[in-house]
Amino acid sequence: MNDSSKLLLIKSIHTLIWLFFNVVIFYIVYAVVINQIDKWLWICISLVLFEGPVLLLFKNICPVTLIAKKYSTSTKDNFDIYLPNWLARYNKIIYITIVAIALIVLLVRMLH
């Protein structure tokens with residue numbers, strides 16, 4: 001397998017992981033909005049909270065991105081994932097904001 005094929009495989013895997021976390025995050029939002037505080041909500045929150053230390057450990061870079069860098073010299077934000085460049089660039093900010101708002105709403109719901 002050549003470097004180009006390896007990068008395509010990594011981009012595909014990275015995109016699938018991104019899609020998985022979209023489902024997780026949007027379940028958190030959905031559950032909080034409808035006030036469905038169940039085990040799935042806590043599992044999803046745990047998955048997101050696990051991702052935080054992983055990113056910190058790798059200096060705010062996804063480990064998949066580090067693997068992809070071995071097979072590309074691109075400086076684009078989306079070289080390692082099938083997303084528009086703007087979304088790849090602001091992905092963390094967008095999703096951290098969404099999760100933070102959902103967690104604040106959850107906290108308010110739990111305190112009332």
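As a basis for the values below, the full set of heavy atoms in this structure was taken, side chains included, without hydrogen atoms, waters or symmetry mates.
Every residue was checked against the side-chain hydrogen bond (donor to acceptor under 3.5 Å, both in side chains) condition with Asn85, not counting sequence neighbours, and none meets it. Contacts of Glu51 classified as side-chain hydrogen bond (donor to acceptor under 3.5 Å, both in side chains), with partners at least two apart in sequence or in another chain: none. Residues passing the side-chain hydrogen bond (donor to acceptor under 3.5 Å, both in side chains) test with Asp38, sequence neighbours excluded: Tyr27, Gln36. Listed by chain and number, the residues in a side-chain contact (heavy atoms from CB on, under 4.5 Å) with Thr97 are Ile93, Ile101 (sequence neighbours excluded). With sequence neighbours left out, Asn78 forms a side-chain hydrogen bond (donor to acceptor under 3.5 Å, both in side chains) with no residue at all. For Ile94, the side-chain contact (heavy atoms from CB on, under 4.5 Å) partners at least two apart in sequence or on another chain are Trp86, Leu87, Tyr90, Ile98. Among residues two or more places apart in sequence or in another chain, the side-chain contact (heavy atoms from CB on, under 4.5 Å) test is passed with Ser4 by Asn2. With sequence neighbours excluded, the residues forming a side-chain contact (heavy atoms from CB on, under 4.5 Å) with Tyr82 are Leu8, Lys11, Ser12, Thr15, listed by chain and number.
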Listing, residues 102-111 side-chain donor-acceptor contacts under 3.5 Å, not counting sequence neighbours, or none:
residue : atom : partner : partner atom : Å
Arg109  : NE   : Val32   : O            : 2.7
Arg109  : NH2  : Val32   : O            : 3.4
Arg109  : NH2  : Val33   : O            : 3.0

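Clustering ILVMFWY residues whenever any of their side-chain heavy atoms sit less than 4.5 angstrom apart, transitively, puts Val29 in the very cluster that holds Leu19. Leu16 and Leu47 fall within a single hydrophobic cluster, where Ile, Leu, Val, Met, Phe, Trp and Tyr side chains are chained together by heavy-atom contacts under 4.5 Å. There is no path of hydrophobic side-chain contacts, each under 4.5 Å, that joins Ile45 to Ile96. Under a hydrophobic clustering in which Ile, Leu, Val, Met, Phe, Trp and Tyr are joined whenever their side-chain heavy atoms come within less than 4.5 Å, directly or via other members, Phe26 and Trp40 fall into the same cluster.
Using a 4.5 Å heavy-atom threshold, the side chains of Asn22 and Tyr95 count as touching.
Phe50 forms part of a hydrophobic cluster together with Val54, Leu57, Phe58, Ile61, Leu66, judged by ILVMFWY side-chain heavy-atom separations under 4.5 Å.
Applying the salt bridge (Lys or Arg N to Asp or Glu O under 4.0 Å) test to pairs two or more places apart or on separate chains, those with a residue in residues 76-88 are Asp77-Arg89.
Side-chain atoms of Lys6 do not come within 3.5 Å of backbone N or O of Lys70 as any donor-acceptor pair.
Note that OG of Ser74 and NZ of Lys69 are 10.5 Å apart. Values are rounded to the nearest 0.5 Å.
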